[in-house]
Amino acid sequence: MKDANRIPVIVGVGQVNDRPEDPLRGLDSLGLMEAALRAADADAGGGWLSRLDALSVVDQLSFRQMGPLPLALAERLGARPRIHEQTAEANGDSPVRLLHEAANRVASGAVEVAAVVGGEALRTAARRAALAAGDSPSAHNAATSIGVQAHAAYRKRYGLNSPVDVYPLYENACRAAYGQTLAEAQRESGEIWSRFSQVAAGNPGAWIREPLSVEEIVTPSPSNRPIAFPYWKRMVANSAVNQGAGFLVTSLANALAHGVPEDRLVYVGRGAAAHEPEDFLARDGYASSPSMAVSLRRTLELNGLTVDMLDFVELYSCFPCVPKMARRVLGWPLEKPATVFGGLTFGGGPIANYMSHAVVSMVQRLREQGRHGLLFGNGGFATHNHSLVLTREPPPAGTLPQPFEHQAEADAARGPVPPFVEDATGPGRIETYTVLYERDGSPRFGVIVARGASGERFLAKVPAHDTAGIDFLCDGKEEPIGSEGHAVAGPGGDILWHRASSCSV
């Protein structure tokens, strides 16, 4: 039993969808976390919460006034954990990292029982904010405004405020790098998302349980308005949810001693994490992510797996470019679903806690069938990456604890980063771009990430009144990436971009 005392297993999982007809009657984030862990405790046979040694909480955004939640949550649960922590930021990779850390603690003998949980009551918070403001903005917009991270004033000037503004830079760059037309790239997004919707339709834990066709996802409509080119509403994370999810980790010996049937145990394998520079304008490019590639490939290697040995994967899906890049790193077929939960659009997008729901669904699927599942979480602005294997097969002794940071390898794989110049003017070419939209679907302006004659990187705008310039970026007749143009000083300090064919230099 010595080895069994150091083999971590997930013993219980739980999640909750809280959607009363009146959002004001919904649970807050703390209530969602409590409900999720009580469900996980029941799933594990009961009696685990009072024995918690470690309680790890994913940071939440919807009720910031509550402050740190671990101690308040522990009190509600009747627990007295020696370790209680909350992540410093709300990043999408957080649940995978916290699971990995919990498994390492169990394997090292530091703790016997650990819990990881998160919850976001953005649906309720948005409704309360709307009433306080005397109007009725959508829950999606209210939630988005809560979650926007601080940016330099310069980047804000060009509309690059939140993830939905930045991930399209990767989407468009990837399309060009893959040699796809706009229609082909949108079709791939639609096929991935349509399969997500089908998985969500069969998952009682998902928020939207309506299977959608490729055409319903990629075709603009009043209910599928443009958000940031080339993404429509049905392609982006749905944060207007009240969802909580959590899980319990202990040793194999402890689980068996407390009567948990072996066929309900899921083992935690090895994993790998790596990160891009925090400043997304200081990346080597936008058509790939060295840190994502290292995280995924290393995780397979560390577990002695090949992609054909994976029965299930959860490839983070805040926006289509992420699973597109990840599936190419892995060689994951387009025709196989890249989710077990349903994706952030349909399963639900509770900010940083989505992957906790993916853990719940992965454990449930592995209990039913299959051997190996891969979790891949992504956070920030395509910044943070953490991958981890869950398996039904007992891993070799000594598999964990395991250091998971592989940053040096990712840094070595990264290409040179071009210097960034504010207020650059003169000739250049488009490195990547997006177009931001108003709520009525009209263009707000285009955003160009350009490279100057000496290779420097800079930002420029295409004003909404430049209809030819906006059409060029969006109509799919020509590939804008790599096209030449000219940056000129505009009114109010903006740098404006003109296509080479439409400017006189």
Side-chain angles (χ1 to χ4, degrees), residues 13-43 57-66 69 73 76 90 92 95 117-133 135-147 193 196-212 216-217 223-224 233-247 317-318 339-361 364:
V13 295
Q15 62 184 338
V16 58
N17 273 349
D18 174 52
R19 52 193 316 164
E21 185 174 345
D22 179 2
L24 290 176
R25 300 177 66 86
L27 296 172
D28 59 23
S29 299
L30 183 59
L32 290 168
M33 294 179 194
E34 178 187 2
L37 280 185
R38 291 197 182 280
D41 183 56
D43 182 62
V57 172
V58 178
D59 188 27
Q60 60 88 37
L61 298 176
S62 43
F63 282 83
R64 301 302 278 177
Q65 67 272 24
M66 288 182 168
L69 298 181
L73 179 58
R76 284 199 181 189
V117 69
E120 285 285 5
L122 287 158
R123 184 169 179 260
T124 294
R127 181 58 179 158
R128 291 185 184 182
L131 290 178
D135 57 19
S136 55
S138 73
H140 174 82
N141 273 4
T144 301
S145 67
I146 293 168
W193 253 239
F196 284 176
S197 74
Q198 293 165 22
V199 171
N203 183 356
W207 191 261
I208 298 175
R209 301 186 63 195
E210 176 188 2
L212 296 179
E216 288 173 309
I217 291 163
S223 61
N224 194 30
K233 185 177 180 180
R234 288 174 179 157
M235 295 178 180
V236 304
N238 173 23
S239 59
V241 299
N242 278 20
Q243 292 182 306
F247 39 91
S317 53
C318 51
T339 183
V340 288
F341 181 59
L344 278 91
T345 302
F346 309 105
I351 310 298
N353 200 48
Y354 173 84
M355 289 303 294
S356 291
H357 293 270
V359 171
V360 172
S361 291
Q364 292 170 338

Criterion side-chain contact (heavy atoms from CB on, under 4.5 Å) on Leu27 and Gln243, from CA distance to verdict: CA-CA 9 Å; Leu27 296 172; Gln243 292 182 306; over 6 Å; no
Closest contact, heavy atoms only, Val117 versus Ala36: CG2-CB, 4.1 Å
Interatomic distance, Ser197 atom OG to Ile208 atom CD1 [nearest 0.5 angstrom]: 10.0 Å
Approximate separation, where rounding is to 0.5 Å, of Met33 CE and Glu120 CD: 7.0 Å
Heavy-atom side-chain proximity of Leu30 to Leu73 below 4.5 angstrom: yes
Distance (rounded to the nearest 0.5 Å) between Phe63 CZ and Thr124 OG1: 5.5 Å
CG-CD distance between Leu32 and Gln60, expressed to the nearest 0.5 angstrom: 9.5 Å
Nearest atoms (heavy-atom pairs only) where Val236 meets Trp193: N-NE1, 4.4 Å
Side-chain heavy atoms of Leu122 within contact of Pro350, under 4.5 Å: no
From OG1 (Thr339) to CD (Gln198), nearest 0.5 Å: 12.0 Å
Qualifying salt bridge (charged side-chain N to carboxylate O under 4.0 Å, His left out) pairs with a residue from residues 14-33, counting only residues at least two apart or across chains: none
side-chain contact (heavy atoms from CB on, under 4.5 Å) between Thr345 and Ser317, intermediate numbers included: CA-CA 8 Å; Thr345 302; Ser317 53; over 6 Å; no
From CA spacing to verdict: side-chain contact (heavy atoms from CB on, under 4.5 Å), Val199, Val340: CA-CA 7 Å; Val199 171; Val340 288; 5.6 Å; no
Straight-line distance of Leu344 CG to Cys318 SG, nearest 0.5 Å: 6.5 Å
For the student: nearest non-hydrogen atoms of Ser223 and Arg234, plus distance: OG-NH2, 3.1 Å
Short side-chain to backbone donor-acceptor contact, Asn17 and Gly205, under 3.5 Å: yes
Pairs meeting criterion salt bridge (charged side-chain N to carboxylate O under 4.0 Å, His left out) with involvement of residues 29-42, two or more places apart: Glu34-Arg38, Glu34-Arg76
Set of residues satisfying ring-ring contact (aromatic ring centres under 6.0 Å, His included) with respect to Phe341, sequence neighbours excluded: Tyr354, His357
Ser62 versus Arg123, side-chain donor and acceptor atoms under 3.5 Å: no
Residue pair Gly14 / Ala39: nearest heavy atoms and the distance that separates them: CA-CB, 3.8 Å
Step-by-step side-chain contact (heavy atoms from CB on, under 4.5 Å) determination, Gln15 to Ser356: CA-CA 9 Å; Gln15 62 184 338; Ser356 291; over 6 Å; no
